[in-house]
Each structure stands twice: as C-alpha cells, then as structure tokens.
Participant: 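Following this message is one structure expressed as structure tokens.
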Amino acid sequence: MTITPEAPAIDTPVDVRFTPTGTPLAVRYAGQIWAVAAEPVHWFTRDSWWENRRTAPVGVGNVVDIEHWRVQVRSSSAAALRTFELRRNPLAEQWLLEAITDN
C-alpha cells in the first residue's frame, strides 16, 4: 500500500456499486465516488475458518470463500488512476478496502 496522509487503515468499510452482471462500477470511499476506469480483476481466496471458529453453523452457506476485486478507479475524468483492493469475507455483506496503490 502506498503510504500517504490519506491512505486508509486496512479493512476500511466501503460501498461498492455493481453492474447487473456483478462487475464493480463504482466505489464510495472517504465521501467520494470513485468510478471504475479499467477492467477489474476478480478472484477468491479461502478462509481458514477452523482456526477462528470450531464449528460452522449448519445450512448457513459458504463459510470459506473470501471474494476479492482489484479495481482501477478515479474520482474525476481528469484525476490520476488509483488501484483499490477490495475484500468481502464469507457471509458478510460489507465490502472492505484492503489497500490503495497510486499508479
């Protein structure tokens, strides 16, 4: 993560707007709307739930897949691109901003 005065703490909650097909369209962070300006990258990692919790509730759904997006965004058409790394933990609805990198 780039160290700057405005750099967020890890795991800052953000709002993400998606297209009807499920691709990020914009991110609301620090009172601004950051429009996605390039093709985002999507992947999943696995949570080691057995280290944090002894059991998983029966029938709650997927408790292991952590969803990630890497999106290049800008706050205006004249602004420089920044890269946001987003994460959503299993069973959570809130997206977290994991890192910001200046391009």
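The first residue in the sequence is number 1, and the count goes up from there.
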Participant: Do Val14 and Leu96 touch side chain to side chain, with heavy atoms closer than 4.5 Å?
Facilitator: no
Participant: With a 4.5 Å limit on heavy-atom distance, are the side chains of Asp65 and Pro90 in contact?
Facilitator: no
Participant: Out of curiosity, Trp43 CH2 to Ile66 CD1, how far, rounded to the nearest 0.5 Å?
Facilitator: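 Trp43 atom CH2 to Ile66 atom CD1 measures 11.5 Å (nearest 0.5 Å).
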Participant: Taking C-beta and beyond as the side chain, do Val71 and Thr83 meet within less than 4.5 Å on heavy atoms?
Facilitator: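 Result no, sub-4.5 Å side-chain heavy-atom pair not found.
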Participant: How long is the straight-line distance from CG of Leu86 back to CZ of Arg70, given to the nearest 0.5 Å?
Facilitator: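 Atom-to-atom, Arg70:CZ and Leu86:CG are 10.5 Å apart.
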Participant: Rounded to the nearest 0.5 Å, what separation is found between the CH2 atom of Trp34 and the CZ atom of Arg74?
Facilitator: 11.0 Å
Participant: Between Ser75 and Gln32, which heavy-atom pair has the shortest distance, and what is it?
Facilitator: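 Scanning both residues, the minimum pair turns out to be CB-OE1, 3.2 Å.
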Participant: Are Gln72 and Val36 packed together at the side-chain level, in the sense that at least one heavy-atom pair is separated by less than 4.5 angstrom?
Facilitator: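 Gln72 vs Val36: side chains apart.
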Participant: Can you measure from CG (Asp15) to CD1 (Ile33) and round to the nearest 0.5 angstrom?
Facilitator: 8.0 Å
Participant: To the nearest 0.5 Å, what is the distance between CD (Gln94) and CZ (Arg87)?
Facilitator: 11.0 Å
Participant: For the rings on Trp95 and Phe84, is their centre-to-centre separation under 6.0 Å?
Facilitator: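 Ring centroids of Trp95 and Phe84 are no less than 6.0 Å from each other.
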Participant: Please tell me if the side chains of Leu81 and Val73 come closer than 4.5 Å, counting only heavy atoms from C-beta onward.
Facilitator: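 No, their side chains stay 4.5 Å or more apart.
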Participant: Do Glu98 and His68 come close enough that some side-chain heavy atom pair is under 4.5 Å?
Facilitator: yes
Participant: State, yes or no, whether a side-chain contact exists between Trp69 and Glu67 at a heavy-atom distance under 4.5 Å.
Facilitator: yes
Participant: Under a 4.5 Å side-chain heavy-atom rule over Ile, Leu, Val, Met, Phe, Trp and Tyr, are Phe18 and Tyr29 clustered together?
Facilitator: yes
Participant: Quick one: are Pro40 and Thr23 in side-chain contact, heavy atoms under 4.5 Å?
Facilitator: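 Side chain of Pro40 against side chain of Thr23, heavy atoms only: contact under 4.5 Å found.
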